Number of protein chains: 2
Amino acid sequence: MITSTEEDYIKAIFNISQRGKKELVGTNQIASQMSTSAASVTDMLRKLDKKEMIIYEKYKGVKLSPLGTIKAMTLLRKHRLWESFLVEKLGFAWDEVHDIAEQMEHIQSTELVNRLDKYLGYPKFDPHGDPIPDAQGTITIRNQVSLSSLQTGDKGMVVGVKKHDKDFLNHLNQVGINIGTELEIILKYDYDQSIKLNINNSNEALLTAAVCENIFLKKFS
Amino acid sequence: MITSTEEDYIKAIFNISQRGKKELVGTNQIASQMSTSAASVTDMLRKLDKKEMIIYEKYKGVKLSPLGTIKAMTLLRKHRLWESFLVEKLGFAWDEVHDIAEQMEHIQSTELVNRLDKYLGYPKFDPHGDPIPDAQGTITIRNQVSLSSLQTGDKGMVVGVKKHDKDFLNHLNQVGINIGTELEIILKYDYDQSIKLNINNSNEALLTAAVCENIFLKKFS
DNA sequence: AATTATATTTAGATTTGTCTAAAAATAAAG
DNA sequence: CTTTATTTTTAGACAAATCTAAATATAATT
Ligand SMILES: [Mn+2]
Ligand SMILES: [Mn+2]
Ligand SMILES: [Mn+2]
Ligand SMILES: [Mn+2]
């Protein structure tokens with residue numbers, strides 16, 4: 001038996017270790033990710049260690065055990081399948097689904113998840129371009145580059161975003177960027193690395209370096 | 001803010017007051033329905049009373065307040081819509097969906113429920129024949145009779161069941177009864193009120209009085 | 001190497017939901 | 001109208017998840 005609070009900690013540890021380079025995750029990192037106190041994190045780490053979901057050494061840090069990694073994959077699978085359902089079947093926008101999926105990922109029923117997967121046609125990526133682990137927990141890796149790494153004249157198609165918060169996604173909506181959108185870099189300014197680009201061969205837009213950093217593309221040619 | 005435990009108590013109180021004749025629900029009734037102790041129930045009743053979800057008088061009993069009744073309707077709506085989704089879209093059988101819906105009914109998002117309702121085509125009844133409250137909380141009443149009340153020669157169509165547990169529904173599956181099944185009473189035995197009947201103009205079956213008690217029909221002519 | 005700063009853990013409390021055992025209130029019987 | 005039985009509430013305790021404030025360990029600076 002695992003509680004949904006424990007599940008959220010597992011997810012947080014996985015997410016932090018994905019985006020950082022270091023193998024071990026720190027107490028404060030988890031605390032800030034979960035918007036809770038460091039003391040609460042320490043308590044929970046002890047508990048998850050006893051349940052053998054993580055490998056934890058006092059003062060040094062923490063990483064997921066094999067068991068914890070499987071659990072994290074299951075959670076990502078559920079979260080991303082529900083997000084896909086909300087967008088594909090119920091017509092939600094990609095910036096409206098995260099908080100709901102955050103709840104639905106905790107529903108306990110493997111049969112439900114597998115049937116949902118089938119119903120959606122076994123999608124490989126969620127509405128934010130994140131890969132969906134299959135029933136065995138394996139994920140499809142896609143070769144993608146950050147928009148920041150492209151130069152003047154380069155072209156590509158948007159395949160994912162790094163941040164998932166409403167404000168960021170809403171901004172992309174406003175400038176007309178979504179998964180599948182085609183971009184051509186008209187000019188990359190040396191001064192501040194901001195990028196002027198052409199969207200779907202029609203509109204033009206200017207993105208700051210901070211925004212470009214969080215957009216993933218499949219580069220053409 | 002209401003917790004999902006509180007929501008389950010609200011539902012229990014509503015369900016008990018529906019099936020019983022008395023207006024006030026007792027502590028022990030709730031305890032047995034929720035498989036918990038009477039002491040826990042008393043604690044929760046105090047809390048729900050302070051939140052104005054129920055009207056509670058020590059030693060006398062409890063009933064839902066207007067606020068609590070709205071809450072109960074919302075919960076029934078969510079539970080039954082999710083059950084419909086699981087059966088209609090994901091292909092679950094009617095005896096497999098209750099426990100999953102018991103979890104999904106607690107997802108917090110009115111937008112989600114209303115979109116789900118639309119996606120399902122605004123169904124009026126769930127897979128067990130129970131009415132689904134609309135967004136305003138009003139439910140369609142259907143004129144139905146218990147199979148026990150029918151006599152030799154009567155005909156009707158199954159429109160609902162009183163019990164929702166797996167064992168009971170599985171038994172109905174075995175004898176070939178589901179929502180929509182047409183029944184004709186061949187013979188009602190005076191000795192123990194058991195009923196021999198014809199199912200969909202093909203098979204024959206014998207049901208005990210206890211089983212007949214829990215099947216609702218729309219009587220023909 | 002000693003001092004300062006940061007990160008992490010402990011100590012002690014709180015809230016929520018639960019329990020058992022005992023006390024009190026109400027209902028049922030004699 | 002007492003006595004017995006049932007129902008309900010209280011008392012006291014516990015596990016889970018959280019908090020603040022204080023102590024301790026590790027890292028960074030002089
Ligand atoms: Mn979550
Ligand atoms: Mn996503
Ligand atoms: Mn429930
Ligand atoms: Mn139902």
Side-chain angles (χ1 to χ4, degrees), chain A residues 1-13 15-17 19-64 68 71 75 102-103 105-106 108, chain B residues 1-13 15-17 19-64 68 71 75 102-103 105-106 108:
Chain A
M1 260 291 77
I2 188 165
T3 73
S4 59
T5 312
E6 289 168 349
E7 289 187 332
D8 283 335
Y9 274 95
I10 299 276
K11 260 186 44 181
I13 294 167
N15 286 333
I16 296 166
S17 69
R19 64 163 174 266
K21 56 228 120 226
K22 289 202 289 279
E23 204 201 355
L24 292 181
V25 173
T27 303
N28 269 351
Q29 287 179 287
I30 301 168
S32 111
Q33 168 94 354
M34 307 260 313
S35 314
T36 189
S37 73
S40 302
V41 174
T42 303
D43 289 345
M44 183 55 85
L45 292 183
R46 234 193 297 274
K47 208 168 76 160
L48 289 174
D49 186 69
K50 186 147 48 183
K51 290 197 178 185
E52 299 194 304
M53 305 294 287
I54 61 173
I55 289 113
Y56 168 53
E57 280 191 85
K58 266 172 71 164
Y59 290 105
K60 292 191 66 179
V62 75
K63 67 175 179 182
L64 292 181
K71 187 75 218 183
L75 285 166
E102 202 60 43
Q103 299 178 64
E105 71 192 358
H106 301 293
Q108 302 291 356
Chain B
M1 260 290 79
I2 188 165
T3 74
S4 61
T5 312
E6 288 168 350
E7 288 187 333
D8 283 335
Y9 274 95
I10 299 276
K11 260 185 43 180
I13 294 166
N15 286 333
I16 296 165
S17 69
R19 66 164 173 266
K21 56 227 123 234
K22 288 202 290 279
E23 203 201 355
L24 291 182
V25 172
T27 303
N28 268 351
Q29 285 179 288
I30 301 169
S32 113
Q33 168 94 355
M34 308 260 313
S35 311
T36 189
S37 73
S40 302
V41 175
T42 303
D43 289 344
M44 182 56 84
L45 292 183
R46 234 192 297 275
K47 207 168 76 161
L48 289 174
D49 185 70
K50 186 147 47 184
K51 291 197 179 185
E52 299 193 303
M53 305 295 287
I54 61 172
I55 289 113
Y56 169 54
E57 279 191 85
K58 268 171 69 163
Y59 290 106
K60 292 191 69 179
V62 74
K63 68 176 178 183
L64 292 180
K71 187 76 219 183
L75 285 166
E102 203 59 44
Q103 299 178 64
E105 71 192 359
H106 300 293
Q108 301 291 356

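In what follows, every chain begins at residue 1, and chains take the letters A, B, ... in the order their sequences are listed. All values derive from a computational prediction rather than experimental measurement.
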Enquirer: If you round to the nearest 0.5 Å, how far is CD of A/E7 from CD of A/E102?
Expert: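 One gets 10.5 Å once the value is rounded to the nearest 0.5 Å.
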Enquirer: In whole angstroms, how far is the P atom of D/dT8 from the CE atom of B/M34?
Expert: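 Taking CE of B/M34 and P of D/dT8, I get 16 Å after rounding.
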Enquirer: How far apart are the C-alpha atoms of B/K63 and B/E57, what are their side-chain angles, what is the distance that settles it, and do they pass the salt bridge (Lys or Arg N to Asp or Glu O under 4.0 Å) test?
Expert: CA-CA 9 Å; B/K63 68 176 178 183; B/E57 279 191 85; over 6 Å; no
Enquirer: Could you give the CG-to-P distance, from A/L45 to C/dA7, as a whole number of Å?
Expert: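 One finds 16 Å between P of C/dA7 and CG of A/L45, rounded.
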Enquirer: Within a reach of under 6.0 Å around CD of B/Q108, are more than 12 heavy atoms found that belong to other residues, nucleotides or ligands?
Expert: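 More than 12 within 6.0 Å, yes.
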Enquirer: My understanding is that only residues two or more places apart in sequence, or in another chain, count here; which of them pass side-chain contact (heavy atoms from CB on, under 4.5 Å) with B/T36?
Expert: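 side-chain contact (heavy atoms from CB on, under 4.5 Å) check on B/T36 returns B/Y9, B/M34, B/S40, B/V41.
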Enquirer: From CG of B/D43 over to C1' of D/dA13, roughly how many Å is that when rounded to an integer?
Expert: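 Answer to the nearest Å: 12 Å.
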Enquirer: Quick one: pull up CD1 in A/I54 and NZ in A/K71 and give me the separation to the nearest 0.5 Å.
Expert: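 The distance works out to 15.0 Å.
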Enquirer: Rounded off to whole Å, could you give me the NZ-to-P distance for the B/K60 and D/dT8 pair?
Expert: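 After rounding, the reported distance stands at 13 Å.
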Enquirer: Ignoring hydrogens and geometry, is there a side-chain-to-backbone donor-acceptor pair from A/T42 to A/A38 under 3.5 Å?
Expert: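 It does hold such a pair.
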Enquirer: side-chain hydrogen bond (donor to acceptor under 3.5 Å, both in side chains) with B/K51: which residues, sequence neighbours excluded?
Expert: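 So B/K51 forms a side-chain hydrogen bond (donor to acceptor under 3.5 Å, both in side chains) with B/E6.
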Enquirer: Can you sort out which residues in residues 4-12 of chain A have a heavy atom within less than 4.0 Å of DNA chain C? Ascending by number, please.
Expert: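 Of all residues in residues 4-12 of chain A, none places a heavy atom under 4.0 Å from DNA chain C.
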Enquirer: Check every atom of D/dA11, C/dT18, D/dC19 against the side chain of A/A39 and return the nucleotide holding the closest atom.
Expert: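 Out of D/dA11, C/dT18, D/dC19, the nucleotide with an atom closest to A/A39's side chain is D/dC19.
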Enquirer: Report yes if at least one side-chain N or O of A/T3 is closer than 4.0 Å to OP1 or OP2 of D/dA16; otherwise report no.
Expert: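 Answer is no, no contact under 4.0 Å.
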Enquirer: Quick check on C/dT18: is either OP1 or OP2 less than 4.0 Å from any side-chain nitrogen or oxygen of B/S40?
Expert: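 Looking at the OP1 and OP2 atoms of C/dT18, neither is under 4.0 Å from any side-chain N or O of B/S40.
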Enquirer: Does anything in residues 48-59 of chain B reach DNA chain C, meaning a heavy atom under 4.0 Å, and if so which residues?
Expert: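 By residue number: B/Y59.
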Enquirer: Say you draw a straight line from CD1 of B/I30 to OG of B/S35; how long is it, rounded to the nearest 0.5 Å?
Expert: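 With rounding to 0.5 Å, CD1 (B/I30) is 13.0 Å from OG (B/S35).
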Enquirer: So, applying side chain to side chain contact (heavy atoms under 4.5 Å, CB included) with A/Y56, which one of A/L48, A/V25, A/L45 is it?
Expert: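 Of the listed residues A/L48, A/V25, A/L45, the side chain to side chain contact (heavy atoms under 4.5 Å, CB included) partner of A/Y56 is A/L45.
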Enquirer: Which residues, if any, of residues 24-31 of chain B bring a heavy atom under 4.0 Å of DNA chain D?
Expert: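 Result for residues 24-31 of chain B: B/G26, B/T27, B/N28, sorted by number.
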Enquirer: Are any of B/R46's side-chain N or O atoms less than 4.0 Å away from OP1 or OP2 of D/dT9?
Expert: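 Answer no for this pair, as no side-chain N or O of B/R46 is under 4.0 Å from OP1 or OP2.
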Enquirer: Answer yes or no: is there a donor N or O on one side and an acceptor on the other, between the side chain of A/D49 and the main chain of A/I55, under 3.5 Å?
Expert: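 Here the side-chain-to-backbone pair does not exist.
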Enquirer: Kindly point out which of D/dT18, D/dT8, C/dT9 is positioned nearest to the side chain of A/T36?
Expert: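 Among the listed nucleotides, the one closest to the side chain of A/T36 is D/dT18.
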Enquirer: By salt bridge (charged side-chain N to carboxylate O under 4.0 Å, His left out), which residues pair with A/E52, not counting sequence neighbours?
Expert: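 For A/E52, no residue satisfies salt bridge (charged side-chain N to carboxylate O under 4.0 Å, His left out) once neighbours in sequence are set aside.
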Enquirer: I want to check one thing: is the phosphate of D/dC19, taken as OP1 and OP2, less than 4.0 Å away from some side-chain N or O of A/S37?
Expert: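 Yes.
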